[in-house]
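A short write-up of the structure that comes next.
For this chain, numbers begin at 1 and follow the sequence in order.
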Amino acid sequence: MKKSSLLQATKEGFRFEEITVNELLSGYEEGEYTTEEVVCSYLNRIEQYEHIYNAFTFINPNAVEEAKEIDRMREAGKELGPLAGVPIVIKEAVDVAGFPSTFGWAPLSKESGGIELMPTKDAPIVTRLKEAGAIILGKTNIPAFSCAYNANSSWDGPTYNAVNMAITPGGSSSGTATAVSGNFAMLGVAEETAGSIQVPAAAQSLVGIKTSFGLVPTLGVTPLAGSTRDVLGPHARTVKDAAIMLDVIAGYSEEDVKTKASIGNLPERGYANFLEDYSLEGKRIGLYGPGWRSEELSKETQELYFTAIEELKQQGAEVIADPFAGTGFAAYMQTIPQFIGMESFFYDLENYLKNLDETFSIKNVFQKAGNVPWTEDGPLALVSDIINAETAKADPSVLPNLIRFNEVKSELLRIIHGVMEDHQLDGFVYPQMPKAMPSIREDNVESTTISEINISGLPLITVPAGYYEAGSPFALAFFGKMWSEAELIGMAYSYEQVTKLRGAPTLKEIL
């Protein structure tokens, strides 16, 4: 449904700012409010601020009725899922039955005069969230083809950062980050190929979990590198909320062959079971240094990072400076194309369209749209060294040669895991960004981890860690071995509970 058709609800003050999942669920159990009241309150808040921040592409017209059904089930004593009545948002790139999948691109948006692609089935991640009882409030804005670190190229216009409207909201999960940070929803689905979970979380003082490749099914998600790099993960305001959501969305799906690798790699008692205050005690943590990347941190970043390191040490962690020194890792990374792995784009796109409708193909969809995004001035220009008119000529039903990508991935994993073994490390903690977030007008955002983490497929958790003097959020990145989400969640939670450095943003009602 169009955003202009938001459902009206009783006008009352917003009671749920910064509320956590467990606090909300406790309120339901104690009869403090109903799901209908909660959902109406969130819809009112969206209506109050959406015209300023533009987090959404579509609002769910059935949200209130779905909330009423949860209330009826609760009243009848029916068994409810772990997210029953929790308001969430879904990134535009993820299929939700009955909502158009626009790729964020005007020629595929009916509202902008383009054609319409309408999913008739939910992506597996959406099915899992619905079965858990979550209430989807809407879909969130992205740049065209998810190919930018903001949403400025979206058919729906730019999304603004809830913390500071002047700086980038982070992309491509821009709308999800703004919705969660701005308290328009409690949880959000984000997706990443090259930093799109990490960067928005860091830009908007959120927790983001970039999952191990293959942990969460990505079928039904508009791809950039579906066969090699694309992952889904939570955006949340706390580590605990992110862990609760991860317990719902992670694990094998027979619909998505990639997730077969996750079998045997999930914690038996769930991720939320690792939320312990002293999880950093005795841990050996590797620190950022030139052995990883030659780029220096800004002076203010260095100061904020030093403060964070002292906090890690105070919690009993032992830190190891620049553990990649002498490994040749930084030099090796200089030889690797930034977007390696996206060679599978056309193959993945063809499969996505076939899953949407078996009659669809790249040829007939873009012929009908009257445009293609892989021109020199198109939305995929950022990755034009791999995705271009020449590669478009290949048969999209054939998976291209990924030998080079797999060799690079194996080498990165060999070095990283080797460094962890040599130094007996439990993980790494880096500053997420080398300097403060840039202006919303900037198309590129620097990070310390994007290529390395996305090519290797490793998990990473972004955690709020303070603010720059000018107001831009500062974040830490906790990462480690494949499938180590549980251990990283524990360490990130321990740090978060002691520091509590996220601040609720003050939103504007007028520009």
Side-chain angles (χ1 to χ4, degrees), residues 198 207-213 215 239 243 265-267 271 274-295 297 301-302 304-333 408-434 447-463 465 475-499:
Q198 303 175 55
V207 174
I209 302 182
K210 184 274 170 194
T211 51
S212 296
F213 182 78
L215 180 66
V239 174
N265 287 310
L266 276 70
Y271 295 102
F274 284 76
L275 299 163
E276 297 180 356
D277 290 343
Y278 304 102
S279 295
L280 278 165
E281 190 170 340
K283 296 295 191 296
R284 289 174 58 84
I285 304 295
L287 302 179
Y288 181 80
W292 175 267
R293 276 199 187 189
S294 58
E295 289 88 347
L297 307 178
T301 301
Q302 288 175 336
L304 289 163
Y305 187 37
F306 177 78
T307 299
I309 292 169
E310 289 303 305
E311 289 159 344
L312 296 172
K313 289 160 67 175
Q314 287 170 18
Q315 293 182 59
E318 182 180 354
V319 299
I320 291 81
D322 195 17
F324 285 89
T327 64
F329 184 83
Y332 179 68
M333 283 302 302
V408 169
K409 179 176 180 175
S410 295
E411 180 64 4
L412 294 186
L413 289 172
R414 183 191 69 79
I415 297 174
I416 294 170
H417 288 172
V419 166
M420 293 188 73
E421 291 172 9
D422 290 344
H423 293 276
Q424 297 181 308
L425 299 179
D426 296 288
F428 304 89
V429 178
Y430 287 2
Q432 184 83 70
M433 304 296 171
S447 170
T448 63
T449 56
I450 289 176
S451 294
E452 299 89 340
I453 294 299
N454 290 119
I455 296 168
S456 64
L458 295 173
L460 178 148
I461 302 182
T462 301
V463 182
L476 291 182
F478 289 72
F479 68 96
K481 291 182 179 180
M482 282 292 291
W483 318 113
S484 65
E485 281 86 351
E487 292 76 16
L488 296 174
I489 283 169
M491 290 188 283
Y493 177 77
S494 184
Y495 171 82
E496 174 201 52
Q497 290 305 293
V498 170
T499 58

No-hydrogen, no-angle side-chain donor-acceptor test under 3.5 Å, E311 and T499: no

Test item: D426 side-chain N/O and K283 main-chain N/O as donor-acceptor pair under 3.5 Å: no

Look at the side chain of S447 and the backbone N and O of Q432, then say whether any donor-acceptor pair between them is shorter than 3.5 Å. yes

Does the pair E421 and K481 meet the rule for a side-chain contact (heavy atoms from CB on, under 4.5 Å), with working shown? CA-CA 10 Å; E421 291 172 9; K481 291 182 179 180; 4.2 Å; yes

Exceeds 12 heavy-atom contacts within 6.0 angstrom, atom OH of Y332: yes

Nearest-0.5 Å distance, CG of residue L280 to OG of residue S494: 4.0 Å

I416 vs F324 side-chain heavy atoms within contact, under 4.5 Å: yes

Would you say E485 and S212 are linked by a side-chain donor-acceptor pair, where the criterion is simply a distance under 3.5 Å? yes

Can you tell if the side chain of M491 reaches within under 4.5 Å of the side chain of L312, non-hydrogen atoms only? no

Within this structure, what is the CD-CG distance for the pair E452 and L458, rounded to the nearest 0.5 Å? 10.5 Å

Side chains of P323 and F428: closer than 4.5 Å at any heavy-atom pair? yes

Mind listing the closest non-hydrogen atom pair of S279 and G490 along with its distance? CB-O, 3.1 Å

Any non-hydrogen side-chain atom of L215 less than 4.5 Å from a side-chain atom of L266? yes

Look up atom CD1 in I415 and atom OG in S410, then write down how far apart they are to the nearest 0.5 Å. 11.0 Å

Residue pair Q314, V498: steps toward the side-chain contact (heavy atoms from CB on, under 4.5 Å) verdict: CA-CA 10 Å; Q314 287 170 18; V498 170; over 6 Å; no

Quick one: do Q497 and L275 satisfy side-chain contact (heavy atoms from CB on, under 4.5 Å)? Show the steps, please. CA-CA 10 Å; Q497 290 305 293; L275 299 163; over 6 Å; no

State the CD-OH distance between E487 and Y271, to the nearest 0.5 angstrom. 9.5 Å

I285 side chain reached by I309 side chain, heavy atoms, under 4.5 Å: no

What distance separates T462 OG1 from M433 CE, expressed to the nearest 0.5 Å? 7.5 Å

Just wondering, do V207 and E496 contact through their side chains at under 4.5 Å, heavy atoms? yes

If you take all heavy atoms of L460 and A477, which pair is closest and at what distance? CD1-CB, 3.8 Å

Atom of T301, atom of P434 and distance for their closest heavy-atom approach: OG1-O, 3.0 Å

Rounded to the nearest 0.5 angstrom, the NE2-CE distance for H417 and M420 is 7.0 Å

So I209 and I489, side-chain contact (heavy atoms from CB on, under 4.5 Å) or not? Walk me through it. CA-CA 9 Å; I209 302 182; I489 283 169; 4.2 Å; yes

Is there side-chain contact between E281 and E276, with at least one heavy-atom pair below 4.5 Å? no

Can you tell me how the ring of F329 sits relative to the ring of W292, calling it parallel under 30°, perpendicular over 60° and tilted otherwise? parallel

Would the distance check show the side chain of R284 and the main-chain N or O of H423 forming a donor-acceptor pair, the cut-off being under 3.5 Å? yes

Below 4.5 Å, heavy atoms only, C-beta onward: do Y288 and P431 meet side chain to side chain? yes

Minimum heavy-atom distance between Y430 and T449, given as atom pair plus value: CD2-CG2, 4.0 Å

Shortest non-hydrogen contact from I461 to A492? CG2-CB, 4.1 Å

